[in-house]
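From a predicted model like this one, the values you see are computed outputs, not experimental measurements.
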Amino acid sequence: MSESTTVPGAQRTTLLRGGEVHSPADPFATAMVIERGHVAWVGSEGAADAFADGVDEVVDLEGALVTPAFTDAHVHTTATGLALTGLDLSDASTLADALRLVRDHSTAHPADKVLLGHGWDAARWPERRHPSRAELDAATGGRPLYLTRIDVHSAVVTTALLDLVPEVTGLPGYRPDEPLTAAAHHAVRAAAHEAVSPAQRAAAQRAALDRAASLGIGTLHECGGPDISDEEDFTALLALAVEGAGPRVVGYWAERIADANGAQRIKELGAVGAAGDLFVDGSLGSHTACLHTPYADADAHTGSAHLDVAAVAAHVAACTEAGLQAGFHAIGDAALTTVTEGVRAAAELVGLHRVRAARHRIEHAEMLTPETIAAFAEFGLTASVQPAFDAAWGGDEGMYAERLGVERARTLNPFAALLRAGVPLALGSDSPVTPLDPWGTVRAAAFHRTPEHRISVRAAFTAHTRGGWRAAGRDDAGVLVPGAPADYAVWRTEELVVQAPDDRVARWSTDPRSGTPGLPDLTPGRELPRCLRTVVSGRTVFDRPNE
């Protein structure tokens with residue numbers, strides 16, 4: 001891209017021209033004007049001539065694509081940054097490889113009070129088992145180590161870290177030399193995170209925000225809570241996002257409330273909802289998602305239930321009365337039944353129209369049934385989902401099939417059925433569970449491992465842009481039309497196409513009469529678009545060097 005500018009800062013008026021602008025206001029737009037942090041005009045190259053002399057900056061897109069910036073609707077920012085700057089085992093191909101990485105990290109960080117790591121997944125390793133405590137003790141030389149599984153719902157630790165939490169052996173979720181879950185996991189996580197200095201935390205948060213900006217992400221939904229991080233971490237992140245030149249952060253705090261006082265405390269933290277990872281259950285990988293029928297690979301075990309119908313109903317009712325979003329983490333079919341029955345009970349208390357207007361949201365929502373999908377539509381619940389989960393663990397030979405059996409695994413993440421029912425979708429990564437990767441996320445939704453759950457690239461893109469804004473209660477953003485916030489990204493990509501699960505729809509959509517704007521070809525194996533620039537409220541937060 002080439003540009004000329006005379007006025008610095010986000011208040012300048014900018015004309016972008018000579019590219020492809022993805023906008024419903026004009027499906028053939030090649031130019032856009034930004035003024036005072038908002039989109040002022042979208043249109044054709046010929047009409048852009050009328051603006052050229054009256055703007056402060058002209059950007060020649062040189063054929064690049066301009067789209068709304070992505071919104072990642074579920075992120076753990078500090079944990080993402082710690083994985084980026086610290087020990088990340090997500091690419092370890094064997095248990096031996098993981099232990100080598102632990103040894104190397106321990107040697108390279110002799111001053112760290114507690115070693116922190118993330119991303120091991122025994123289901124991908126030929127050894128098919130997690131690291132033992134003795135192996136980790138040896139790899140670290142007896143130092144404290146906290147190492148989360150890829151889903152962050154369980155962790156393996158060293159003896160030295162357990163010694164810092166002597167009461168852990170009496171807590172639920174503790175089993176000798178097995179990954180820690182539930183309360184035992186929360187206790188050691190708190191002890192490990194206490195060792196992170198404010199400077200380390202700020203550096204991790206900045207690293208995560210910088211990575212997001214470099215990927216065309218303009219907004220992150222931070223999912224914090226007392227079982228995940230702490231209030232200081234949460235408020236420091238929100239402050240950093242306001243002060244720094246980076247993506248905006250929308251905060252959710254996962255704490256149950258019972259009345260207006262509780263709701264006020266959530267608001268004082270800076271959160272827009274008492275939502276996010278308010279756990280109704282755990283995860284499939286850790287055998288803690290709550291199921292109606294036992295796991296296929298764990299006899300008679302149906303997971304963990306953390307909230308019942310009454311608790312869900314009380315929380316939703318209190319949030320609705322206070323004008324606050326409620327939300328829950330729910331993955332298993334039994335957990336999702338609990339949520340929908342609880343929301344139904346709350347609607348009977350405060351009124352269906354008020355519950356719908358509050359736009360409460362459910363995170364993950366993987367093991368949906370026709371009944372729970374219908375309930376989502378009835379109560380106006382947003383499904384905040386992570387298509388990369390299916391890409392990582394779906395298919396007839398993936399982790400889901402191992403945990404549930406092939407037939408049940410094929411029902412997971414039914415995105416097409418949710419859209420057909422009119423359920424709002426917001427896409428995210430749950431980073432660091434799966435990486436920040438917006439175009440990869442859209443690809444995963446469009447090329448779901450179970451074909452009947454696939455949605456069009458356009459629908460997935462909308463869910464990952466405008467859908468995230470709507471999930472936070474805003475209908476005026478996430479789309480490039482006059483009056484919308486100037487949150488956009490510029491991409492170098494190949495020919496634009498229209499991709500849909502049904503080829504008849506795709507053929508019609510490519511006809512000029514349909515007025516359907518194209519998007520990059522996301523066929524698996526093709527190179528994903530490369531972000532050249534990310535802009536938030538008219539201010540550049542990422543600029544790729546030498547482009």
Side-chain angles (χ1 to χ4, degrees), residues 70-84 88-90 118-121 123 148-155 185 189 204-205 208-209 211-212 215 217 219-225 227-229 233-234 237 247 249-254 273 275-286 288-289 327-332 335-336 361-368 382-394 398-400 412-413 415 425-445 448 460 463-464 467-468 471-472:
F70 285 101
T71 293
D72 192 310
H74 193 119
V75 176
H76 304 288
T77 308
T78 303
T80 296
L82 290 171
L84 289 170
D88 184 357
L89 299 183
S90 57
H118 168 73
W120 62 270
D121 186 0
T148 49
R149 189 185 180 278
I150 188 71
D151 59 8
V152 200
H153 282 270
S154 59
H185 179 209
R189 174 162 50 195
Q205 292 172 346
L209 294 176
R211 173 63 66 87
L215 296 169
I217 298 170
T219 301
L220 302 174
H221 290 189
E222 166 67 13
C223 293
D227 289 335
I228 300 166
S229 54
D233 179 271
F234 184 74
L237 172 64
V249 176
V250 177
Y252 288 90
W253 186 252
D277 278 333
L278 182 51
F279 296 118
V280 179
D281 67 345
S283 73
L284 292 165
S286 292
T288 52
F328 304 92
H329 163 120
I331 287 179
L336 287 159
R361 53 188 283 174
I362 312 302
E363 310 300 317
H364 315 309
E366 294 199 77
M367 288 187 71
L368 289 158
T382 294
S384 172
V385 297
Q386 295 73 43
F389 287 6
D390 173 74
W393 302 307
M399 183 270 288
Y400 289 157
L412 265 61
N413 300 297
F415 305 138
L425 287 185
L427 304 191
S429 62
D430 198 9
S431 180
V433 175
T434 59
L436 298 169
D437 180 14
W439 285 114
T441 296
V442 173
R443 171 186 279 171
H448 197 295
H464 212 354

Next item on the list: Kindly say whether Val433 contributes a backbone atom to a donor-acceptor pair with the side chain of Asp430 at under 3.5 angstrom?
Entry: no
Notebook entry, point to check: When you look at Ile228 and Glu222, which way does the side chain to side chain contact (heavy atoms under 4.5 Å, CB included) test go after all the steps?
Noted result: CA-CA 11 Å; Ile228 300 166; Glu222 166 67 13; over 6 Å; no
Checklist line | Proximity of His153 and His329 rings by center, below 6.0 Å | finding: yes
Check: Which pair of non-hydrogen atoms, one from Ala83 and one from Pro432, has the smallest distance, and what is that distance?
Finding: CB-CB, 4.3 Å
Checklist line | Exam field: side chain Glu363 to backbone Gly327, donor-acceptor pair closer than 3.5 Å | finding: no
Next item on the list: Indicate the atoms forming the closest heavy-atom contact of Ala365 with Ile362, along with that distance.
Entry: CB-CG2, 4.4 Å
Note to self: Would the distance check show the side chain of Trp253 and the main-chain N or O of Gly273 forming a donor-acceptor pair, the cut-off being under 3.5 Å?
What the structure shows: no
Item checked: Derivation and outcome, side chain to side chain contact (heavy atoms under 4.5 Å, CB included), residues Trp393 and Asp121 -> CA-CA 11 Å; Trp393 302 307; Asp121 186 0; 3.3 Å; yes
Note to self: If I compare all heavy atoms of Val250 with all of Ala472, which pair ends up nearest, and what's the gap?
What the structure shows: CG1-CB, 4.2 Å
Next item on the list: Indicate yes or no: at least one non-hydrogen side-chain atom of Val75 is less than 4.5 angstrom from one of Val249.
Entry: no
Notebook entry, point to check: Which atoms form the tightest heavy-atom contact between Thr148 and His118, and what is the distance?
Noted result: OG1-ND1, 2.8 Å
Next item on the list: Find the distance between CG (Asp72) and CG (Leu215) and round it off to the nearest 0.5 Å.
Entry: 10.0 Å
Note to self: Determine whether a donor-acceptor pair (N or O, by modelled atom type, separation under 3.5 Å) exists between the side chain of Thr434 and the backbone of Ser429.
What the structure shows: yes
Next item on the list: Can you measure from CZ (Phe70) to CG (Asp437) and round to the nearest 0.5 angstrom?
Entry: 9.5 Å
Margin query: Just verifying a value: how many Å separate Phe415 CZ and Asp390 CG, rounded to the nearest 0.5 Å?
Written below: 6.5 Å
Notebook entry, point to check: Is there a donor-acceptor pair under 3.5 Å between the side chain of Thr288 and the backbone N or O of Ser283?
Noted result: yes
Next item on the list: Check whether any side-chain N or O of Thr80 sits under 3.5 Å from a backbone N or O of Ser431 as a donor-acceptor pair, and report yes or no.
Entry: yes
Margin query: So does Ile331 get a backbone contact from the side chain of His364, meaning a donor-acceptor N/O pair under 3.5 Å?
Written below: no
Check: Is it true that a side-chain atom of Asp151 and a backbone atom of Ser286 form a donor plus acceptor pair closer than 3.5 Å?
Finding: yes
Margin query: Does the plane of the ring in His76 sit parallel, tilted or perpendicular to the ring in His74? Use 30° and 60° as the thresholds.
Written below: perpendicular
Checklist line | N/O donor-acceptor pair under 3.5 Å between Asp277 side chain and Phe279 backbone | finding: no
Item checked: Minimum-distance pair of heavy atoms, taken over all atoms of Val280 and Ala330 -> CB-CB, 4.4 Å
Check: For the atom pair CE (Met367) and CG (Leu412), what is the distance rounded to the nearest 0.5 Å?
Finding: 5.5 Å
Checklist line | Worked check of side chain to side chain contact (heavy atoms under 4.5 Å, CB included) between Val385 and Leu427 | finding: CA-CA 5 Å; Val385 297; Leu427 304 191; 3.5 Å; yes
Next item on the list: Check for a donor-acceptor pair, side chain of Asp281 on one end and backbone N or O of Gly332 on the other, with a separation under 3.5 Å.
Entry: yes
Notebook entry, point to check: If you measure only the distance, is there a donor-acceptor pair under 3.5 Å linking the side chains of Arg361 and His221?
Noted result: yes
Check: Considering all heavy atoms of both residues, which atom of Thr77 and which atom of Gln205 are nearest to each other, and what is their separation?
Finding: CG2-O, 4.1 Å
